[in-house]
Protein chains: 2
Amino acid sequence: MPSPGPEMEIVHLLRAVTVELGLHSARFAQRNAMHPTDVRALIALMDASRAGEERTAGRLGAELGLNSAGTTSLLDRMERAGHVRRVRGREDRRKVVVEVDERAVELGQAFFGPLIGRAVELLQGYDEGERAAIRGFLAGVRDAAAEEV
Amino acid sequence: MPSPGPEMEIVHLLRAVTVELGLHSARFAQRNAMHPTDVRALIALMDASRAGEERTAGRLGAELGLNSAGTTSLLDRMERAGHVRRVRGREDRRKVVVEVDERAVELGQAFFGPLIGRAVELLQGYDEGERAAIRGFLAGVRDAAAEEV
DNA sequence: ATCGAGTATCTTGCTGAGCGAGATAATACG
DNA sequence: CGTATTATCTCGCTCAGCAAGATACTCGAT
């Protein structure tokens, strides 16, 4: 066990943040009768839509680490709940393009918006040098986690 | 949709970090034939042990959001894998104190240690003012996520 | 001392997310 | 056209976690 230098406080803080954000997502899921995977799917779809991209069933499943059967059942579930629509691809009619329902987007924004707003507010309280430190630390941890074998 | 100021980059970075850390945990889980819940349990137990506290079955289940049946099956699973031991409470013999096996602790430290070390390293590259900004931002987000209704 | 209420854990039976294997349907290429 | 490839869906299954109830222990009151 390494002697706990002052850096460890921040490491634990980062873990606390990920735990709280996870719980926050779980609250959103439970409140809207969704499963964690459904929330991840919704977020992935909203990300894609913001980037102006389409998401097919298969691509979405791959992003979430599901196989084709699991993806089908995820889409069945979310379509049944009215959160997404299946639309056959126009070019390639084997594909199924997944469209997010407008109300699901609003639901997500209403829930996560305040938290995001609060984070932006916090960040505005720092000068550019401080923000650069925050940015650098987060990018560093992200890369370290992604690179670890 | 708010216009994406320079703060949003950091918000997305934070989300990327939580995603990557989640995937990292999942790799640990898969590599050791554990479920995500088992990893959360292991971490909770190690935290408790570091704080010099005992964890009973019920208390652990409550921390993980499981009911008593789920807790029993979690412990069955982890005991079968040799990661924990059940020990009847001495004072109150209804209780079951969960002890983490030394090898499970080492497994966890070996896996998460390098990442933690890298984070500490990154933090040492900042001066105290920058570290204070990182600390403040993380604490602020943690509190915001915890307080959101 | 023992009875009853309260508490901790385990047992039983079930639901449903996600997997593997294979079916079905559309496209691509000879 | 026919064969290979790709995208999705169907079927049958496993197993995590739930609800309800059983079991075992503690503690206060009488």
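All values derive from a computational prediction rather than experimental measurement. Note on naming: letters A, B, ... go to the chains in the order of the sequence lines (proteins, then strands), and numbering restarts at 1 for each one.
Of the possible donor and acceptor atoms, one in the side chain of B:Arg131 sits under 3.5 Å from a partner among the backbone N and O of B:Leu123. Using modelled atom types, no side-chain atom of A:His24 and backbone atom of A:Glu20 make a donor-acceptor pair closer than 3.5 Å. Listed for the B:Arg103 side chain is no donor-acceptor partner under 3.5 Å among the backbone atoms of B:His83. In this structure, B:Glu79 contributes its side chain and B:Arg86 its backbone to a donor-acceptor pair below 3.5 Å.
Rounded to a whole Å, the CZ atom of A:Arg59 is 12 Å from the P atom of D:dA7. One atom, CG of B:Leu74, and another, P of D:dC15, lie 16 Å apart when rounded to the nearest Å. In this structure, A:Leu64 atom CG and C:dA17 atom C1' are separated by 13 Å, rounded to whole Å. Spacing between atom NE2 of A:His35 and atom P of D:dC18 amounts to 12 Å, rounded to whole angstrom units. In this structure, CG of A:Asp92 is placed 11 Å from C1' of C:dA25, rounded to the nearest angstrom. In this structure, B:Arg40 atom CZ and D:dA16 atom C1' are separated by 13 Å, rounded to whole Å. The separation between A:Arg93 atom CZ and D:dT8 atom P is 14 Å, rounded to whole Å. Atom-to-atom, CG of A:Leu66 to P of C:dG20 comes out at 11 Å; the value is rounded to the nearest Å.
Ring geometry for A:Phe111 against A:Phe28 counts as tilted: the plane angle lies between 30° and 60°, on a 0 to 90° scale.
Counting atom types as modelled, B:Arg94 pairs no side-chain N or O with a base atom of D:dT26 as donor and acceptor under 3.5 Å.
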Between the protein and nucleotides 9-12 of chain D, list the N/O to N/O atom pairs that are separated by less than 3.5 angstrom.
residue	atom	partner	partner atom	Å
D:dC9	OP1	A:Arg86	NE	2.9
D:dC9	OP2	A:Thr72	OG1	3.3
D:dC9	OP2	A:Arg86	NH2	3.4
D:dC9	N4	A:Ser68	OG	2.5

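Sequence order on DNA chain C of the closest nucleotides to A:Thr37 and A:Glu91 puts A:Thr37 first from the 5' end. Judged by closest nucleotide on DNA chain C, A:Asp38 is the one of A:Asp38 and A:Arg90 placed further toward the 5' end.
Among the atoms of the strands shown, base atoms are found under 4.0 Å from some heavy atom of A:Asn67. In this structure, B:Gly61 reaches neither bases nor backbone, as no heavy-atom distance under 4.0 Å exists between it and the strands shown.
Other residues, nucleotides and ligands contribute more than 12 heavy atoms inside 6.0 Å of the CD atom of A:Glu99.
Taking CG from B:Asn32 and CG from B:Leu107, the interatomic distance works out to 4.5 Å, rounded to the nearest 0.5 Å.
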